[in-house]
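Have a look at the structure below before the remarks.
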Amino acid sequence: PAFNVAFCIDTSGSMGSRQLEIALSELQHLQKADDDITIHVIECDAEVGRQYTIGPTDKIEYELTGRGGPTFDPALIKAQELKPDICFYYTDGYAPAPQRHNRVSCPMVWLIAPGGQVCDEAWGFTLEMVDQ
């Protein structure tokens, strides 16, 4: 089976450089998870700054866009359009919970950056990341 994944990265000003490094590291790990994976990377602060698609061996963009105010809705709207099998959102959680109508219909996983907070306890799975 082929895997179609949305990987949203919170690039708002509240995300520190180490938190963003961890996000890109997690993206690298996900990229190596399967030979038949397609990952739609969505960088977002108050709006989608950049979106690109990678496979298992493609180059990750390390120069991130954004650094403005945070909101989850624009990235989730974009993810809905892509119809992924699963959606990951790497964030520090410092933004209002997404609007109900912007939630993706696939499984949702919140990857909470070290020092972050849970952003939406009512929807999705939450994994609190550790800096190692």
Side-chain angles (χ1 to χ4, degrees):
F3 298 99
N4 185 26
V5 177
F7 191 90
C8 306
I9 302 174
D10 176 354
T11 58
S12 67
S14 64
M15 290 284 288
S17 58
R18 180 64 185 142
Q19 292 172 318
L20 293 170
E21 287 174 17
I22 295 169
L24 294 171
S25 176
E26 289 303 317
L27 178 56
Q28 283 179 321
H29 293 305
L30 180 61
Q31 189 179 25
K32 296 174 185 174
D34 195 272
D35 290 337
D36 225 356
I37 193 167
T38 300
I39 305 170
H40 303 280
V41 181
I42 304 167
E43 299 174 10
C44 188
D45 53 8
E47 60 186 29
V48 173
R50 177 173 42 204
Q51 177 197 336
Y52 62 98
T53 303
I54 57 174
T57 60
D58 295 319
K59 182 180 180 256
I60 293 172
E61 297 290 336
Y62 290 98
E63 294 294 323
L64 297 170
T65 61
R67 311 309 290 153
T71 183
F72 302 120
D73 294 296
L76 293 173
I77 290 168
K78 181 58 71 178
Q80 283 178 359
E81 295 169 8
L82 300 168
K83 297 183 177 24
D85 299 313
I86 190 167
C87 182
F88 294 94
Y89 208 125
Y90 190 93
T91 180
D92 61 4
Y94 293 104
Q99 298 292 316
R100 224 170 167 54
H101 60 277
N102 292 333
R103 294 178 177 180
V104 292
S105 59
C106 63
M108 177 70 194
V109 180
W110 295 100
L111 302 173
I112 306 300
Q117 67 179 13
V118 176
C119 47
D120 192 345
E121 294 180 8
W123 173 57
F125 302 96
T126 300
L127 297 174
E128 294 186 42
M129 307 307 292
V130 178
D131 188 1
Q132 293 187 359

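Count residues from 1 along the sequence. These numbers come from a predicted model, not from an experiment.
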Could you tell me whether the side chain of [Y] reaches within less than 4.5 Å of the side chain of [X], counting heavy atoms only?
X: V41; Y: E61; value: no
X: C8; Y: C44; value: no
X: T53; Y: L82; value: no

To the nearest 0.5 Å, what is the distance between [atom1] ([X]) and [atom2] ([Y])?
X: S105; Y: K83; atom1: OG; atom2: NZ; result: 8.0 Å
X: I77; Y: E47; atom1: CD1; atom2: CD; result: 12.0 Å
X: M129; Y: T91; atom1: CE; atom2: OG1; result: 12.5 Å
X: L20; Y: S25; atom1: CG; atom2: OG; result: 12.5 Å

Considering all heavy atoms of both residues, which atom of [X] and which atom of [Y] are nearest to each other, and what is their separation?
X: P98; Y: W123; answer: CG-CZ3, 3.8 Å
X: A79; Y: P84; answer: O-CD, 3.1 Å
X: D131; Y: R18; answer: OD1-NH2, 2.7 Å
X: P96; Y: P70; answer: CD-O, 4.4 Å
X: C119; Y: W110; answer: SG-CE3, 3.3 Å
X: D92; Y: S14; answer: OD2-OG, 2.6 Å

If we ignore hydrogens and angles and just use 3.5 Å, is the side chain of [X] paired with the main-chain N or O of [Y] as donor and acceptor?
X: Q19; Y: P114; value: yes
X: Q31; Y: D58; value: yes
X: Q51; Y: H40; value: no
X: D45; Y: G68; value: yes

Query raised in the report: Would one find more than 12 heavy atoms of other residues, nucleotides or ligands at under 6.0 Å from atom OH of Y52?
Result: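 Yes, the 6.0 Å shell around OH holds more than 12 heavy atoms from other groups.
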
Query raised in the report: So does D35 have more than 12 non-hydrogen atoms from other groups sitting under 6.0 Å from CG?
Result: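 Counting neighbours around CG of D35, 12 or fewer heavy atoms of other residues, nucleotides or ligands fall under 6.0 Å, so no.
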
If you group Ile, Leu, Val, Met, Phe, Trp and Tyr by side-chain heavy-atom gaps below 4.5 Å, do [X] and [Y] land in one group?
X: I60; Y: L111; result: yes
X: I54; Y: L64; result: yes
X: L27; Y: I86; result: yes
X: F72; Y: V109; result: no
X: M15; Y: F7; result: yes

Query raised in the report: side chain to side chain contact (heavy atoms under 4.5 Å, CB included) with F88: which of L30, L127, I39, I9?
Result: L30

Query raised in the report: Does the side chain of T11 come under 3.5 Å of the side chain of E43 through a donor N or O and an acceptor N or O?
Result: no

**Report entry** From CA spacing to verdict: side chain to side chain contact (heavy atoms under 4.5 Å, CB included), L76, M108
**Finding:** CA-CA 10 Å; L76 293 173; M108 177 70 194; 4.1 Å; yes

Requested in this report: With side chain to side chain contact (heavy atoms under 4.5 Å, CB included) as the test, would you mind laying out the steps for D120 and R103 before giving the verdict?
Outcome: CA-CA 11 Å; D120 192 345; R103 294 178 177 180; 3.9 Å; yes

Requested in this report: Before giving the answer on side chain to side chain contact (heavy atoms under 4.5 Å, CB included), spell out for Y90 and I22 the whole-Å C-alpha distance, their side-chain angles and the decisive distance to 0.1 Å.
Outcome: CA-CA 9 Å; Y90 190 93; I22 295 169; 3.2 Å; yes

